[in-house]
Participant: 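A single structure is presented below for examination.
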Amino acid sequence: MIVWLIAACEIGFWILLALGLAVRYLLGWRRTGVVLLLCEPVLELVLFVVSAIDLRNGAEPGWEHGLAALYIGYTVAYGHYTIRWLDGHAAHRLGGGPPPAGPPRYGRGRARHEAKLWLRAVLGGAVALALLQCAVWYVGDSGDVGSLRGFQWTTVRAVGIYGLIALSYTVWPRRAPAGAGTEDDGPGKDRSAHTSAGNR
């Protein structure tokens, strides 16, 4: 049941997001759009409550409970980021706004961008670890918590590996090709403008 609920929450996330952006930019109902977008955290709350009830009713702690904790942690860390990113594209394509700023692609700007994303992963991992530890304490000695402990180590390893990848952008920064602008071009800067200017 938990697995199906996770899938339902993921589907519900995108449905609410699509509806919120549609009514905001296509119908002009900005307040209604905001209300729909604010309903997103309710999905994670429902998943958390159902998982807790499932354990309270004597369900054996399993990988599905660990997956639920990871999903909630990921949504807490990246949910707002994803909504903001898609809102920028919807404002451009549906609301006539300017093109959204893209992340830097080279140099220190890209390294800072990757570091910020990694910090979000740290936040998501911390939330998942806290939920898993609460589940371990909740189950206590009455059940096998090996799978929950396993997901805790999986979370730590995933965040650590992501940290090494993010660090690589600082140690070995990507360099801009000739004519593609400076290495520290900020978000949203049009590299094609640099190229076309150089060809004139």
Participant: List for me each residue that meets side-chain contact (heavy atoms from CB on, under 4.5 Å) alongside Ala69, sequence neighbours excluded, and say none if there are none.
Facilitator: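 Only Leu131, Leu132 meet the side-chain contact (heavy atoms from CB on, under 4.5 Å) criterion with Ala69.
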
Participant: Under the side-chain contact (heavy atoms from CB on, under 4.5 Å) test, which residues partner Leu70, sequence neighbours left out?
Facilitator: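 With sequence neighbours excluded, Leu70 shows a side-chain contact (heavy atoms from CB on, under 4.5 Å) to Ala128, Phe151, Thr155, given in chain and number order.
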
Participant: What side-chain hydrogen bond (donor to acceptor under 3.5 Å, both in side chains) pairs are there with at least one residue in residues 114-134, not counting sequence neighbours?
Facilitator: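 Sorted pair list: Arg110-Glu114, Gln133-Arg149, Gln133-Gln152.
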
Participant: A side-chain contact here means heavy atoms from C-beta on lying under 4.5 Å apart; do Val76 and Glu44 qualify?
Facilitator: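 Not in contact.
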
Participant: Minimum heavy-atom separation for Ala135 and Leu55, please, with both atom names.
Facilitator: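 Answer, listing the atom of Ala135 first, then Leu55: CB-CD1, 4.1 Å.
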
Participant: Identify every side-chain donor-acceptor pair in residues 10-17 under 3.5 Å, counting partners at least two apart or on other chains, and give the distances.
Facilitator:
{"from": "Glu10", "atom 1": "OE1", "to": "Tyr71", "atom 2": "OH", "distance (Å)": "3.1"}
{"from": "Glu10", "atom 1": "OE2", "to": "Trp14", "atom 2": "NE1", "distance (Å)": "2.7"}

Participant: Sorted by first residue and then second, give each salt bridge (charged side-chain N to carboxylate O under 4.0 Å, His left out) pair with at least one member in residues 126-139; sequence neighbours left out.
Facilitator: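 Applying salt bridge (charged side-chain N to carboxylate O under 4.0 Å, His left out) to every pair that reaches into residues 126-139, excluding sequence neighbours, yields nothing.
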
Participant: Linking I/L/V/M/F/W/Y whenever any side-chain heavy atoms sit under 4.5 Å apart, do Leu19 and Leu43 land together?
Facilitator: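 As far as the 4.5 Å side-chain criterion goes, Leu43 and Leu19 are connected within one cluster.
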
Participant: Taking transitive links into account, so neighbours of neighbours count too, which hydrophobic residues share a cluster with Leu167 at under 4.5 Å side-chain distance?
Facilitator: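 When side chains under 4.5 Å apart are linked, the cluster holding Leu167 also contains Val171, Trp172.
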
Participant: Under 3.5 Å, side-chain donor or acceptor atoms of residues 21-29 against the rest of the protein: list the pairs with distances, not counting sequence neighbours.
Facilitator:
{"from": "Arg24", "atom 1": "NH1", "to": "Asp87", "atom 2": "OD1", "distance (Å)": "3.2"}
{"from": "Tyr25", "atom 1": "OH", "to": "Asp87", "atom 2": "OD1", "distance (Å)": "2.8"}
{"from": "Tyr25", "atom 1": "OH", "to": "Asp87", "atom 2": "OD2", "distance (Å)": "3.3"}

Participant: Taking all heavy atoms of Ala111 and all of Thr170, pick out the closest pair and write down the distance.
Facilitator: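 Residues Ala111 and Thr170, closest heavy atoms: CB-OG1, 3.6 Å.
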
Participant: Between Trp63 and Val3, is any pair of side-chain heavy atoms under 4.5 Å apart?
Facilitator: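 Trp63 reaches Val3 side chain to side chain.
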
Participant: If the condition is ring-ring contact (aromatic ring centres under 6.0 Å, His included), which residues does Phe48 pass it with, not counting sequence neighbours?
Facilitator: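 Expected list: none.
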
Participant: Quick one: list whatever passes ring-ring contact (aromatic ring centres under 6.0 Å, His included) with Tyr169, sequence neighbours left out.
Facilitator: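 With sequence neighbours excluded, Tyr169 shows a ring-ring contact (aromatic ring centres under 6.0 Å, His included) to no residue whatsoever.
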
Participant: List the residues meeting ring-ring contact (aromatic ring centres under 6.0 Å, His included) with His92, not counting sequence neighbours, and say none if there are none.
Facilitator: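 Residues passing ring-ring contact (aromatic ring centres under 6.0 Å, His included) with His92: none at all.
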
Participant: Would you kindly confirm whether Val159 and Ile72 end up in one hydrophobic cluster when ILVMFWY residues are joined by side chain heavy atoms under 4.5 Å apart?
Facilitator: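 In one cluster: no.
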
Participant: If only atom types and distance count, is the side chain of Ser147 paired as donor or acceptor with the main-chain N or O of Pro61 below 3.5 Å?
Facilitator: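 Side chain of Ser147 to backbone of Pro61: a pair is present.
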
Participant: Output all residues satisfying side-chain contact (heavy atoms from CB on, under 4.5 Å) with Val34, sequence neighbours left out; order by chain, then residue number.
Facilitator: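 Residues passing side-chain contact (heavy atoms from CB on, under 4.5 Å) with Val34: Leu38.
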
Participant: Which heavy atom of Pro173 sits nearest to which heavy atom of Gly107, and what is that distance?
Facilitator: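 Looks like CB-CA, 4.3 Å.
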
Participant: Within the distance-only criterion (no hydrogens, no angle test), does the side chain of His89 pair as donor or acceptor with the backbone N or O of Leu86 below 3.5 angstrom?
Facilitator: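 No; judged by distance alone, with no hydrogens or angles, the pair does not exist.
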
Participant: Which pair of heavy atoms, one from Leu148 and one from Gly66, lies closest together, and at what distance?
Facilitator: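 Minimum heavy-atom contact is CD2-N, 4.2 Å.
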
